[in-house]
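Have a look at the structure below, then the notes.
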Amino acid sequence: MLTINLIREKKDFVIERLKLKNFNAEIIVEKILELDSSRREIQSKANQLESEMNKISKEIGNLMKNGMKEEAENAKGKTYSLKEEIKTLLDKLEPIENELKSEIVKLPNMPHESVAPGIGADDNVKVKEGGIIPELKDNALAHWDLIKKYNIIDFDLGTKLTGAGFPVYIGKGARLERSLISFFLDEGVKAGYTEVMPPIMVNEDSGFGTGQLPDKEGQMYHVGLDNYYLIPTAEVPVTNIYRDVILNSDDLPLKNIAYTPCFRREAGSWGAHVRGLNRLHQFDKVEIVQIAHPDNSYKSLEEMVAHVESLIIKLELPYRILRLCGGDMSFTSSLTYDFEVWSAAQKRWLEVSSVSNFESFQSNRLKCRFKEKGEKQTKLVHSLNGSALALPRIVAAILENNQTENGIRIPSALIPYTGFEIIN
RNA sequence: GGAGAGAUGGGUGAGUGGCUUAAACCAGCAGUUUGCUAAACUGCCGUAUGGGUAACUGUACCGGGGGUUCGAAUCCCCCUCUCUCCGCCA
């Protein structure tokens, strides 16, 4: 959510920046400014009347105390019309405030100045490419065949237990999954992140705090009886730790890492390109979150990108890093780097991480602020997050890229965790 | 799930309709004085929002939402959460 002050003070700048996201903000911005000025006008009037009302009430109290009943009754008489006027104004104010809020949340975040123009994925800027793309034999199998061959992940069994997109990991498959989670968490802790293990269901306030609610309600599983939502990413509970909080500038940046299962309904996004592990309703992910000082948030972003890159290098996967163009960026992001790994048997890049700086867009919604040492004024923090990493596509790439005649080779960094060197 | 008791600022905690501009203490910040792992004293010490270049000032907020009243932290209704006891339970 952009701040109303910014829209008020730099209207043209906001409209100009949002064009980069192919978003025409002009009409909404005009409406916001109109609502904002009538809101302020009404509030100003109402506050004046309330002030008068408070004065009279206090007088009545004093008159009653001195036994001046008649004068008190007279004063009471004056309040009735005032009260009526105040009520009329406040009744007008409420819908204006609600509409103002619902208009502001329609505006996406402004892209950072380094963001390139573009419409979609084809316009993303390749920042870096690394690793070695393996040469597989002609009879190489895709991961959905490999998991059957070695009996390590069972989709049909998951369908029996729950439904499509809820796989069951078995034997070395389960161990590989657990190993990756531990590896990612350990690496994050080494890099200075504090591990947290949050609830995987959240309430409505948290859903609103990170922007899943009210708009993306259909993307989350809802536990109706208690009105909780299964989290689509650890970003939701972890970032909401800092909802309604005022931090000290000395404490920044705060760095958290969390493993959680993630639940996504993925309504309407199924198709041939999402076979196997490419898209699931439940999957495992380790997420990193930083709460940063506005002056340093892009330093934090670079640091997070370097961290994610180091994980992929340790897993010996061929990868590329993309800086998303305006048209491919999410609604909430100011700057996003996507990480993709090469899936040799599918012969395509798979997105395994998305690292973003949201600047103050999330923190404005969350009301996460900080104070500079010795200063009274509160300012919004910058929030950032990224996957480090999402497991299913990493598993898919390891299985496909590392297949040999003797079985699937485990990257050496993982062997201390798996306890085996090959899946056969 | 049943019964009872609660929810007040960063913390402890007073406040049962107007004397509250939310006391007092602790913590924190600034200063003065003494002089040295510190104490005493004085002042400051919430958030949001409106007006104002600013100093300053209006309004709202005592778990959340409604209501009664000229006036609500205080009375009434609904909700949430916490504690105690009982029940159930990994």
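The sequence lines fix the lettering, A, B, ..., with proteins before strands; numbering per chain opens at 1. Computed from a predicted model, the values in this text were never measured in an experiment.
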Under-4.0 Å salt bridge between A:Glu16 and A:Lys19: yes

5' precedence on RNA chain B between A:Ser57 and A:Arg40 (nearest-nucleotide basis): A:Ser57

Base-pairing mate for B:rA5 - Watson-Crick or G-U, with both contacts under 3.5 Å: B:rU82

For B:rU49, the Watson-Crick or wobble partner whose two distances fall under 3.5 Å: B:rG58

Identified pairing partner of B:rA27, criterion: Watson-Crick or G-U wobble below 3.5 Å: none

Carboxylate-amine/guanidinium proximity below 4.0 Å for A:Asp145 and A:Lys148: no

Touch class at under 4.0 angstrom, heavy-atom based, for A:Lys55 against every strand present: nothing

Distance, rounded to the nearest Å, where A:Lys76 contributes NZ and B:rG18 contributes C1': 12 Å

Partner nucleotide of B:rU32 by Watson-Crick or wobble geometry (both distances under 3.5 Å): B:rA40

More than 12 heavy atoms of other groups within 6.0 Å of A:Lys92 NZ: no

A:Leu6 atom CG, over 12 foreign heavy atoms within 6.0 Å: yes

A:Arg17/A:Glu113 ion pair, N-O < 4.0 Å: no

Touch class at under 4.0 angstrom, heavy-atom based, for A:Ile246 against every strand present: sugar-phosphate

Spacing of A:Glu41 atom CD relative to B:rG50 atom C1', expressed in whole Å: 12 Å

A:Ile42 CD1 to B:rG50 C1', straight-line distance once rounded to whole Å: 13 Å

Out of B:rC70, B:rU21, B:rG46, whichever nucleotide has its closest atom nearest the side chain of A:Lys58: B:rU21

Lys/Arg-Asp/Glu bridge criterion (N-O < 4.0 Å) met for A:Glu235, A:Lys285: no

Interface residues of residues 84-105 of chain A with RNA chain B (non-hydrogen, below 4.0 angstrom): none

Presence of A:Lys83 side-chain N/O under 4.0 Å of B:rG71 phosphate oxygens OP1/OP2: yes

Watson-Crick or G-U wobble partner of B:rU16, both distances under 3.5 Å: none

Criterion side-chain hydrogen bond (donor to acceptor under 3.5 Å, both in side chains) on A:Asn357 and A:Ser297, from CA distance to verdict: CA-CA 7 Å; A:Asn357 187 354; A:Ser297 66; 3.0 Å; yes

B:rG50 to B:rG31 separation - C1' atoms, rounded to the nearest Å: 34 Å

Out of B:rG50, B:rA48, B:rC70, whichever nucleotide has its closest atom nearest the side chain of A:Thr378: B:rA48

Sugar-phosphate only, base, or nothing, as touched by A:Met64 at under 4.0 Å among non-hydrogen atoms: base

Per-nucleotide protein contact string for nucleotides 72-82 of chain B, where B marks a base within reach and S marks sugar-phosphate only (heavy atoms under 4.0 Å, - for neither): -----------

C1' gap between B:rC41 and B:rG46, integer Å: 26 Å

Rounded interatomic separation in angstrom, taking CD from A:Glu71 and P from B:rC70: 18 Å

Distance test, side-chain N/O of A:Lys371 to OP1/OP2 of B:rU47, below 4.0 Å: yes

Watson-Crick or G-U wobble mate for B:rC75, both contacts under 3.5 Å: B:rG67

Enclosure of A:Tyr259 OH (heavy-atom neighbours >12, cutoff 6.0 Å): yes

Residue from A:Val352, A:Leu350, A:Leu322 passing side chain to side chain contact (heavy atoms under 4.5 Å, CB included) with A:Phe339: A:Val352

Sugar-phosphate, base or nothing in reach of A:Ile60, heavy atoms under 4.0 Å: base

Greater than 12 external heavy atoms within 6.0 Å of A:Glu421's CD: no

Whole-angstrom distance between B:rC85 and B:rC78, as gauged at atom C1': 26 Å

Distance, rounded to the nearest Å, where A:Phe370 contributes CZ and B:rU47 contributes C1': 17 Å

Rounded distance (Å) that lies between atom P of B:rA54 and atom CD of A:Gln377: 12 Å

Between B:rU69 (P) and A:Glu73 (CD): distance, integer Å: 14 Å

Nucleotide B:rG46, atom C1' - distance to CG of A:Asn248 in whole Å: 14 Å

Pair A:Phe361 + A:His382: ring centers closer than 6.0 Å: no

Under 4.0 Å protein heavy-atom contacts per nucleotide of nucleotides 57-64 of chain B, with B for base, S for backbone only and - for none: -BSS----

Toward the 5' end of RNA chain B, by each residue's nearest nucleotide, A:Asn62 or A:Arg39: A:Asn62

Check: A:Phe263 ring centre within less than 6.0 Å of A:His281 ring centre: no

Rounded P spacing from B:rU16 to B:rA23 in Å: 15 Å

Under-4.0 Å salt bridge between A:Arg409 and A:Glu316: yes

